[in-house]
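When a ligand or atom number is given, it counts from 1 through the structure's own listing order.
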Amino acid sequence: MTKEKKYKPFIRDDVSGKIAVYPGTFDPITNGHLDIVHRSLEIFDKVIIAIAINHTKKALFSLEERLEMIRACFPDNDGRIVVDSVDGLLVDYAYTKGATAIVRGLRAVSDFDYEFQLGLMNRRIERDVETVFLMTGLRWIYISSSIIKDVARHGGDIGGLVPDHVCEKLRNIFMM
Ligand code: COA
């Protein structure tokens, strides 16, 4: 017997295949994030990289710059990667896009508590969207967008930690 859903506020986009949303602030995108995107594409047919508009986090890069930097990471995009922004509840966005999963990268045990909270809250709001955790690649376990900005600000070497065009942008800002 199929269980009747009591409350479905949104109409889902017409979709085919397994879709995941990979959300984040991406200020800026790092090679650690890209590693998660590439590995997600091994599991899902389409990955929507969604920049979450966070009104409490002061970003270095504007939303347009972040969208552009992420898009530039995929010059040969065959449509399996979509870059977008989300202002509002992530699970509502994921649901309307027809996504069955939200992908998050776990770097260390310290990420776990926060991610567990997010995952459980999202599940409480929308049971049709699962949270899938991927272990961040060992090479990227210690990086975050803030650490990279801080190193760049102080003239340190960030080569190999972010895509070249992001490195260039950071260099221009901090005049390295
Ligand atoms: N490689 C490198 N760095 C990584 C990483 C990886 N694989 N995974 C995470 N990080 C870093 C990020 O660079 C970021 O660093 P920063 O804090 O220095 O900027 C940090 O981990 C946090 O990750 P991020 O993915 O940007 O998460 P967030 O905490 O800023 O945002 C959202 C989390 C977007 C999922 C959450 O705020 C959200 O869902 N917002 C929408 C509104 C909503 O639905 N709220 C209710 C949620 S229950």
Side-chain angles (χ1 to χ4, degrees), residues 9-10 19-44 47-63 65-67 69-70 73-74 81-97 99-154 156-164 166-167 169-170 173-174:
F10 298 105
I19 302 173
V21 173
Y22 179 39
T25 308
F26 303 113
D27 184 46
I29 189 155
T30 69
N31 286 348
H33 294 128
L34 287 177
D35 175 52
I36 298 288
V37 174
H38 290 302
R39 285 163 51 211
S40 300
L41 285 167
E42 301 290 328
I43 306 170
F44 298 97
V47 174
I48 305 173
I49 305 172
I51 302 179
I53 297 169
N54 185 337
H55 298 281
T56 57
K57 232 176 179 177
K58 181 151 174 32
L60 174 67
F61 293 102
S62 69
L63 175 62
E65 285 176 306
R66 283 179 279 159
L67 287 166
M69 279 190 282
I70 299 176
C73 294
F74 309 103
I81 301 167
V82 173
V83 186
D84 197 7
S85 61
V86 48
D87 193 3
L89 276 181
L90 179 65
V91 274
D92 287 348
Y93 172 84
Y95 184 82
T96 57
K97 295 292 170 192
T100 49
I102 290 170
V103 170
R104 296 287 288 166
L106 282 181
R107 285 165 303 168
V109 180
S110 53
D111 280 346
F112 191 79
D113 274 355
Y114 175 60
E115 294 297 337
F116 207 63
Q117 272 184 315
L118 284 185
L120 285 175
M121 181 54 84
N122 284 335
R123 188 166 155 72
R124 182 178 189 273
I125 304 168
E126 179 50 77
R127 294 188 85 81
D128 286 346
V129 179
E130 288 289 345
T131 300
V132 172
F133 296 110
L134 293 184
M135 275 187 290
T136 296
L138 255 187
R139 291 166 72 193
W140 320 114
I141 214 105
Y142 60 93
I143 63 170
S144 71
S145 301
S146 301
I147 285 184
I148 283 170
K149 284 181 283 190
D150 200 41
V151 173
R153 188 174 288 118
H154 293 96
D157 180 17
I158 51 162
L161 300 177
V162 289
D164 289 347
V166 174
C167 199
K169 279 244 180 204
L170 285 165
I173 291 176
F174 299 118

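The protein heavy-atom contact nearest to atom 35 (C) of ligand 1 is R104 NH1, 3.6 Å. Here the heavy atom of the protein found nearest to atom 20 (C) of ligand 1 is R107 NH2, 4.0 Å. For atom 18 (O) of ligand 1, the closest non-hydrogen atom of the protein is S146 OG, 2.3 Å. Distance from atom 40 (N) of ligand 1 to its nearest protein heavy atom, with residue and atom name: A52 CB, 4.0 Å. Ranking protein heavy atoms by distance to atom 6 (C) of ligand 1, first place goes to G32 C, 3.8 Å. At the shortest separation from atom 45 (N) of ligand 1 among protein heavy atoms lies L89 CD2, 4.2 Å. The shortest contact between atom 26 (O) of ligand 1 and any protein heavy atom is with T25 N, 2.9 Å. Considering only non-hydrogen protein atoms, atom 12 (C) of ligand 1 sits nearest to H33 NE2, 3.6 Å.
The shortest N/O to N/O separation between L90 and ligand 1 falls below 3.5 Å. In terms of N/O distances under 3.5 Å, ligand 1 is not approached by N54.
Residue N122 approaches ligand 1 through these ligand atoms, each under 4.0 Å from one of its heavy atoms: 47 (C), 48 (S). Ligand 1 places these atoms under 4.0 Å from at least one heavy atom of M121: 48 (S). Below 4.0 Å from some heavy atom of Y114 lie the following atoms of ligand 1, by number and element: 29 (O), 33 (C). Residue-ligand proximity, S145 to ligand 1, at heavy-atom distances under 4.0 Å covers atoms 13 (O), 15 (O), 18 (O), 19 (O). Applying the 4.0 Å criterion to heavy atoms of T30 picks out, from ligand 1, the atoms 1 (N), 2 (C). Atoms of ligand 1 found under 4.0 Å from any heavy atom of S144 (numbered from 1 in listed order, with element): 3 (N), 13 (O), 15 (O), 18 (O). For ligand 1, the atoms lying closer than 4.0 Å to a non-hydrogen atom of I143 are 2 (C), 3 (N). Taking a cut-off of under 4.0 Å to the non-hydrogen atoms of I36, the atoms of ligand 1 that pass are 7 (N).
Judged by distance alone, the side chain of D111 and the main-chain N or O of L106 form no donor-acceptor pair under 3.5 Å. For the pair R107 (side chain) and I143 (backbone), a donor-acceptor distance under 3.5 Å is present.
Within the structure, ligand 1 lacks Q117 among the residues with a heavy atom less than 4.0 angstrom away. The closest approach between a heavy atom of Y93 and any atom of ligand 1 is not below 4.0 Å. Using a non-hydrogen distance threshold of 4.0 Å, A50 does not register as a contact of ligand 1. Ligand 1 has K57 within reach: a non-hydrogen atom of the residue lies less than 4.0 Å from it. Within the structure, ligand 1 has L118 among the residues with a heavy atom less than 4.0 angstrom away.
Heavy-atom minimum distance, G105 versus T136: C-OG1, 3.8 Å. Of all non-hydrogen atoms in P23 and L90, the two that sit nearest each other are CG-CD2, 3.5 Å. Heavy-atom minimum distance, G119 versus T131: CA-OG1, 3.8 Å. Closest approach of L118 and R104 over heavy atoms only: CD1-NH2, 4.2 Å. What you find for S85 and Y93 is that their closest heavy atoms are O-CE1, 4.0 Å.
Within a 4.0 Å radius of atom 42 (C) of ligand 1, the protein has at least one heavy atom.
Residue contacts with ligand 1, taken as heavy atom pairs separated by less than 4.0 Å, involve T136 solely via side-chain atoms from C-beta onward.
Using cut-offs of 30° and 60° for the angle between ring planes, the F133 and F112 rings count as tilted.
Side-chain contact between V151 and L161: absent, with no pair of heavy atoms (C-beta onward) separated by less than 4.5 Å. Taking 4.5 Å as the limit, some side-chain heavy atom of D27 sits within range of a side-chain heavy atom of R66. Looking at V103 and V47, their side chains never come closer than 4.5 Å, going by heavy atoms from C-beta outward. Within the 4.5 Å cutoff, the side chain of Y142 has no heavy atoms near those of the I147 side chain. No side-chain heavy atom of M69 sits less than 4.5 Å from a side-chain heavy atom of F26. Counting only heavy atoms from C-beta outward, the side chains of R123 and V91 never approach each other to under 4.5 Å.
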Test F61 against I173 for side-chain contact (heavy atoms from CB on, under 4.5 Å), laying out the working first.
CA-CA 10 Å; F61 293 102; I173 291 176; 3.3 Å; yes
